[in-house]
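See structure below.
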Amino acid sequence: MTTQVWGARRLLAGAVAGLALAGALLAPDRALAEQPAPVAAALPGVDGDRIEAKYAALGGPSGVLGAAMGSKTCSGLSACWQDFENGILYWSALVPSAAYAFTDPDVFDAWQSHGSGFGAVPVPGGIGEPTSDTFCGLPDGGCGQHFQSGSIYVSATTAAVRVDTAIRTGWAAEGWERGAVGYPTTDTFCGLPGDGCGQHFQRGSVYWSPATGSRTVRGAIKDRWAGQGWENGALGYPTSSTFCGLRDGGCGQHFQGGSVYWSPASGARVLAPEVVGRWAGQGWENGALGFPTSEPFATADWNGGRGQHFQGGSVYQTRAGTFLVLGSIRDRWGAQGWERGSLGNPTSDTFCGLRDGACGQHFDWGSIYRTRTGTFTVLGSVKTAWAQQGWEHGALGLPTSDTFCGLRNGGCGQHFEGGSVYAAGPVAGWRGTPASVVLRAVRDAWAARGWENGYLGYPVTGTSVLSDGSFSQRFQGGTLRVRNGRVY
């Protein structure tokens, strides 16, 4: 700092002290005796000679402050200061234990512009008196200084700005200017909803409210939060700082009204509160769902359902609950129209651990099963017939095709490992046509006679196993009896 620069600061300091005194004289609740006129170069003991002691501790004329540019000046009993080649020493009765050095003119100017009072009546909402010396040597040529109600920081690329105490807490937790958000680029701004405050930094922002504390928000998550209205949007204030180091280079953050998660592959996505619990329960981004790939959306459920897609599946909230739909089962459900298709909404989670490594899931009007041979839908009364004979543990085993319709007279059918199920009409919905199980031995003979298009038509009963080990089944056009592959 040059002598000329700090000479200008000396003139300014004298002007500010005079203005502060005038304000004190006009204040009706303070007596004139409490604010006597400034006394130049006198009263060496008002500050307990702390200015002299601090100057000596900083090296005197050969130290950081350089030579004295004038004598110590005091403003009554409230404050004293002295100008030097490279700064100012200042003592206040409001912080009587020590004098503090200003060695950066930008910090000093910012202090005065933020209601320092310069030893006179404290300014409501002002930053107050210094509680540290100016400290420099920070990254990017930065300097800072702490005060009663905050701090002021400056760097080669950012102006000197005020950081209030509440915001400073969150910034400090992230590593001050060396942390993820860098230096402040705006002053702290308050008057936000819920008595909140905020401040923007080089690589992010810090927001505070009485209900949530001081939290940093940065990167793509900050942009997504901003895009939905900052603290005025559905997410409200952050309840955690941005946290990174997640799978695949991802980051996340929790807010009053939900969460935001980001990864390079999926982008930044808002998670609805009703979805977060299910996602968390299956391992957050480390579980089968992975990161979210869509925003929450309304579904066709009459009860105001909500859904959200993830890398490995989806979460759907319906009138029956909130369910996970995973992997190829989700893909098959989506291919048939999601909840607007023939299956309707999920009524269970995806469940695995079935015979031969299969997985399944139930929906309003059917089910989907993933097997070694593919992923198949099982609809309406076909599903009912399969369930009645023991699902995959019964004689039919697992499905080997989807339910197929459009057969003669509107009929439907489906093939399984151990046979088939057929109905003479539509199977979907609560009034689906009853379906009959046709076990493999009878099915092969029926197929040889033209399936439902042959003279036998559709089955009207299930396959029966007789006492002699033969199979019997009645059809629209007659009865088939099969024993050891021969038809009787």
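Numbers here simply count residues along the sequence, with the first being 1.
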Return the orientation label for the [X] and [Y] ring planes: parallel under 30°, perpendicular over 60°, tilted otherwise.
X	Y	result
W386	Y369	perpendicular
F297	H309	tilted
W451	W446	perpendicular
Y458	Y422	tilted
F243	Y261	perpendicular
W230	H200	tilted
W338	W333	perpendicular

Under a 4.0 Å threshold between the charged nitrogen and the carboxylate oxygen, would [Y] count as salt-bridged to [X]?
X	Y	result
D187	R162	no
E174	R203	no
R319	D364	yes
D223	R218	no
R306	E274	yes
E295	R224	yes

Within a strict 4.5 Å, meaning less than it, do heavy atoms of the [X] and [Y] side chains meet?
X	Y	answer
P292	E285	no
L396	V437	yes
I127	I152	yes
R215	Y237	no
L480	R449	yes
R440	F471	no
F475	E452	no
T158	F201	no

Taking atom types as modelled, find out whether [X] and [Y] have a side-chain donor-acceptor pair closer than 3.5 angstrom.
X	Y	answer
T350	Q361	yes
S266	S263	yes
H146	S151	yes
T242	K222	no
T169	S214	no
Q308	Y316	no
Q414	S401	no

To the nearest 0.5 Å, how far apart are [atom1] in [X] and [atom2] in [Y]?
X	Y	atom1	atom2	answer
C412	L379	SG	CG	8.0 Å
D140	T157	CG	OG1	4.0 Å
C352	L326	SG	CG	7.5 Å
Y153	L138	OH	CG	6.5 Å
T293	F310	OG1	CZ	8.0 Å
L343	I368	CG	CD1	5.0 Å

Heavy-atom closest pair, residues [X] and [Y]:
X	Y	value
S209	G194	CB-O, 4.3 Å
S436	T461	CB-O, 3.4 Å
R355	L398	O-CD1, 3.8 Å
V181	G204	CG1-CA, 4.0 Å
A268	V260	CB-CG1, 4.3 Å
G128	W111	O-NE1, 2.8 Å

* Would you say R330 has more than 12 foreign heavy atoms packed within less than 6.0 Å of its CZ? ->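 More than 12 heavy atoms, drawn from other residues, nucleotides or ligands, come within 6.0 Å of this atom.
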* To do: Could you tell me whether D356 atom CG has more than 12 heavy atoms of other residues or ligands within 6.0 Å of it?
  =>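 Correct, the count exceeds 12.
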* To do: Could you go through the side chain to side chain donor-acceptor pair (under 3.5 Å) check for E129 and Y100 one step at a time?
  => CA-CA 9 Å; E129 307 291 10; Y100 294 103; over 6 Å; no
If we ignore hydrogens and angles and just use 3.5 Å, is the side chain of [X] paired with the main-chain N or O of [Y] as donor and acceptor?
X	Y	value
Q282	W279	yes
E417	G397	no
D164	I167	no
S381	T433	yes

* To do: With ring pair (Phe, Tyr, Trp, His ring centres under 6.0 Å) as the test, would you mind laying out the steps for H254 and W225 before giving the verdict?
  => CA-CA 11 Å; H254 303 309; W225 182 49; over 10 Å; no
* Asked: Excluding sequence neighbours, so at least two apart, what forms side-chain hydrogen bond (donor to acceptor under 3.5 Å, both in side chains) with Q199?
  ->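 Listed in chain order: T188.
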* To do: Evaluate the ring pair (Phe, Tyr, Trp, His ring centres under 6.0 Å) criterion for residues W176 and Y183: first the C-alpha distance (whole Å), next the side-chain angles of each, then the deciding distance (0.1 Å), finally the verdict.
  => CA-CA 8 Å; W176 302 95; Y183 283 100; over 10 Å; no
* **Within the 6.0 Å centroid threshold, strictly below: H114 and F147** =>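 No, the ring centres sit 6.0 Å or more apart.
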* Under the salt bridge (Lys or Arg N to Asp or Glu O under 4.0 Å) criterion, do D468 and R481 qualify, and how do the steps go? -> CA-CA 11 Å; D468 61 357; R481 183 177 178 188; 2.5 Å; yes
* Verdict with reasoning, Q473 to S464, per side chain to side chain donor-acceptor pair (under 3.5 Å) -> CA-CA 6 Å; Q473 187 157 6; S464 298; over 6 Å; no
